[in-house]
> 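Below is one structure. I have some questions about it.
In listed order, ligands and their atoms are each counted from 1. Just the heavy atoms: all of them, side chains too, but no hydrogens, waters or symmetry mates, feed the values below. This chain uses plain numbering: 1 for the first residue, then up along the sequence. In this text the structure is predicted, and so the values were computed from the model without any measurement.
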Amino acid sequence: MSLARTALLKISDNQWLRENGTRLPFVRRAVSTFMPGESFDDMLVAAKATAAEGIGSVFTRLGENVKDLAEAEAVARHYVEVIDRIKAQGLQCEPSIKLTQLGLDINRDLAYGHLRALAASAQAAGSYLWVDMEQSSYVDVTLDLTRRLKQEFPAVGVCLQAYLFRTRQDLEDVTSRGIGVRLVKGAYNEPPNIAFPKKSDVDANYLALAQLMLSAGPRAAGARAVFGTHDLDLITAIRNHANSVGLKAADYEFHMLYGIQKAAQLRLAREGAAVRVLIAYGEYWFPWYMRRLAERPANVWFVVKSLFG
Ligand SMILES: Cc1cc2nc3c(=O)[nH]c(=O)nc-3n(C[C@H](O)[C@H](O)[C@H](O)COP(=O)(O)OP(=O)(O)OC[C@H]3O[C@@H](n4cnc5c(N)ncnc54)[C@H](O)[C@@H]3O)c2cc1C
């Protein structure tokens, strides 16, 4: 892992900066590359614009490690309310949530109660519910709660991270239950005893796991196959593999983040691929934004430029 990536991921965990970093005007200017604005309405405008370009969307209200019961409840209420608003707009825009934003650090049952309420609301709206994956200490509980949810709600998927050694086993388990998978490389700072330290190994594992997701077992179980990546070489390799095993473009999807590889998003959509963009909003964006900088430390240049207006 590069020093710059490690440093930015450490900054993302700094409590003082998490609370105060968003007030720095030049950081606020720089983050606009990756999020259309802080409000749900800003997200909605962006989702409508991408829909007009033939690209679906996924939305998330930024926040994590909520330590206050009332705040966790307010987050759950917010999601239920906006899922209804999205339905009223007729938009293909699916929620993606972090369990620690629903109060997982305070009480597991409470977080599950909120998750269940969101799944019920998504189901009533004819939508799918995505569960994000956070640091490795949350993987077991995230998978347990997702498996429990799936017993009641069919349209549920979870994010899995290709940098973790354990992911092949997790992927086999969740896909056998028909749980959708959004495969990503992984955005956190993980130690070498549980995660591949070398990027080339993460990339190779990603492709091997992608091929597994497109194989007969997961497909027969009805597990939705989503590739959350901006890596154009990997995307080409996945499409070539899918073609070689006789799959259609509609059998799998690519999800990217708002503001990243926009030209590739449009090209893929034009070529008939199923593409969605994940649009984030909310006031608590500092740790999320630091992870975006860590993915491409050259992005720090945007921050430096915005310092000078
Ligand atoms: C839809 C979606 C959902 C995600 N959900 C989660 C999650 O729940 N948990 C989790 O741990 N991670 C999540 N991630 C983040 C993911 O783990 C990676 O950190 C991130 O996607 C970068 O990896 P990459 O696959 O794009 O490949 P990389 O090899 O990092 O990037 C490939 C190329 O994409 C471009 N690129 C990538 N990132 C950036 C960036 N920030 N700014 C500018 N260009 C960039 C660059 O051109 C780069 O060369 C998600 C990502 C996506 C797309």
> Counting heavy atoms only, which of Val58, Ile97, Ile260, Val184 is nearest atom 4 (C) of ligand 1?
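Considering heavy atoms of Val58, Ile97, Ile260, Val184, the nearest to atom 4 (C) of ligand 1 sits in Val184.
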> Can Phe34 be said to touch ligand 1, with heavy atoms closer than 4.0 Å?
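Yes, that is the case, since the closest heavy atom of the residue is under 4.0 Å from the ligand.
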> Do any nitrogen or oxygen atoms of Met133 lie less than 3.5 angstrom from nitrogen or oxygen atoms of ligand 1?
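Among all N and O atoms of Met133, at least one is under 3.5 Å from an N or O of ligand 1.
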> Provide the number and element of each atom of ligand 1 under 4.0 Å from a heavy atom of Tyr188.
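Those qualifying, in numeric order: 11 (O).
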> Do Arg148 and Tyr112 meet the cation-pi criteria used here (NZ or CZ under 6.0 Å from the six-membered ring centre, within 45° of the axis)?
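Judged by the rule, Arg148 and Tyr112 form a cation-pi pair.
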> Please classify the Ala187 to ligand 1 contact at 4.0 Å (heavy-atom distances, strictly less than): side chain, backbone, both or neither.
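The answer is both.
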> If you take the nearest heavy atom of each of Thr33, Asp231, Leu257, which one is closest to atom 2 (C) of ligand 1?
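Of the listed residues, Leu257 has the closest heavy atom.
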> Ignoring hydrogens, just give me the one of Glu190, His230, Arg5 whose non-hydrogen atom is nearest atom 26 (O) of ligand 1.
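Shortest heavy-atom distance from atom 26 (O) of ligand 1: His230.
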> For ligand 1, does Met256 get within less than 4.0 Å through its side chain, its backbone, both, or neither, judged by non-hydrogen atoms?
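Met256 to ligand 1: backbone contact only, side chain stays beyond 4.0 Å.
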> Does this structure show an ion pair linking Glu53 with Lys262, if we count only N-O contacts that are shorter than 4.0 Å?
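Here Glu53 pairs with Lys262 in a salt bridge, since their nearest N and O are under 4.0 Å apart.
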> As an exercise, identify every atom of ligand 1 less than 4.0 angstrom from a heavy atom of Asp132.
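With Asp132 as reference, the close atoms of ligand 1 come out as 8 (O).
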> Taking Gln92 for its side chain and Ser57 for its backbone only, find out whether a donor-acceptor pair lies under 3.5 Å.
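Not confirmed, Gln92 side chain does not pair with Ser57 backbone.
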> Heavy-atom distances under 4.0 Å decide this one: backbone, side chain, both or neither, for Glu134 against ligand 1?
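It is neither; nothing of Glu134 touches ligand 1.
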> Going by atom types only, do Thr100 and Glu64 share a side-chain donor-acceptor pair under 3.5 Å?
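Short answer, no.
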> Could you name the option among Lys98, Arg291, Lys185, Glu295 that has the heavy atom nearest to atom 19 (O) of ligand 1?
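Among Lys98, Arg291, Lys185, Glu295, the closest heavy atom to atom 19 (O) of ligand 1 belongs to Glu295.
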> Would you say the side chains of Ser96 and Arg182 form a donor-acceptor pair under 3.5 Å?
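Side chains of Ser96 and Arg182: pair found under 3.5 Å.
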> Counting from 1, what ligand 1 atoms have a heavy atom of His255 closer than 4.0 Å?
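Reading through ligand 1 atom by atom, the close ones are 1 (C), 53 (C).
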> Return yes if some donor-acceptor pair links the side-chain N/O of Thr60 with the main-chain N/O of Leu62 below 3.5 Å, else return no.
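Absent.
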> Please identify which atoms of ligand 1 are closer than 4.0 Å to at least one heavy atom of Cys159.
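The list of qualifying atoms is 6 (C), 7 (C), 8 (O), 9 (N).
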> Kindly determine whether Arg77 and Glu81 satisfy salt bridge (charged side-chain N to carboxylate O under 4.0 Å, His left out), including the steps that lead there.
CA-CA 6 Å; Arg77 263 202 318 274; Glu81 187 193 308; over 6 Å; no
> Counting each atom of ligand 1 from 1 as listed, which ones have a heavy atom of Lys199 under 4.0 Å away?
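Answer for ligand 1: 29 (O).
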> Can the positive tip of Arg224 be found less than 6.0 Å from the middle of the six-membered ring of Tyr128, inside 45° of the ring normal?
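Yes, cation above the ring, under 6.0 Å and within 45°.
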> Number the atoms of ligand 1 from 1 as they appear, then name those within less than 4.0 Å of a heavy atom of Gln161, with their elements.
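This gives 9 (N), 10 (C), 11 (O) as the contact atoms.
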> Tell me yes or no: between the side chains of Ser200 and Asp203, is some donor less than 3.5 Å from an acceptor?
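Distance-only check fails for Ser200 and Asp203.
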> Applying a 4.0 Å heavy-atom criterion (strictly less than), which segment of Thr229 is in contact with ligand 1: side chain, backbone, both, or neither?
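Looking at Thr229 and ligand 1, atoms from backbone and side chain both fall under 4.0 Å.
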> Less than 3.5 Å between some nitrogen or oxygen of Arg182 and one of ligand 1, yes or no?
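Looking only at distances, the answer is yes, because the N/O contact criterion of under 3.5 Å is met.
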> Can you name the nearest heavy-atom pair linking Arg219 to Leu247, along with the distance?
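Minimum heavy-atom contact is NE-CD2, 3.3 Å.
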> Out of Phe40, Trp288, Tyr258, which residue meets the ring-ring contact (aromatic ring centres under 6.0 Å, His included) rule with Tyr281?
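Among the candidates, only Phe40 passes.
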> May I ask you to check if ligand 1 and Asp203 share an N or O to N or O distance below 3.5 Å?
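In this structure, Asp203 places no N or O atom under 3.5 Å from an N or O of ligand 1.
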> With heavy atoms under 4.0 Å as the rule, classify the contact between Arg276 and ligand 1 as side chain, backbone, both or neither.
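For Arg276, there is no contact with ligand 1 at all, from either part.
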> For Arg5, is there an ion pair with Glu295 - N to carboxylate O distance below 4.0 angstrom?
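Looking at Glu295 and Arg5, the cut-off is not met.
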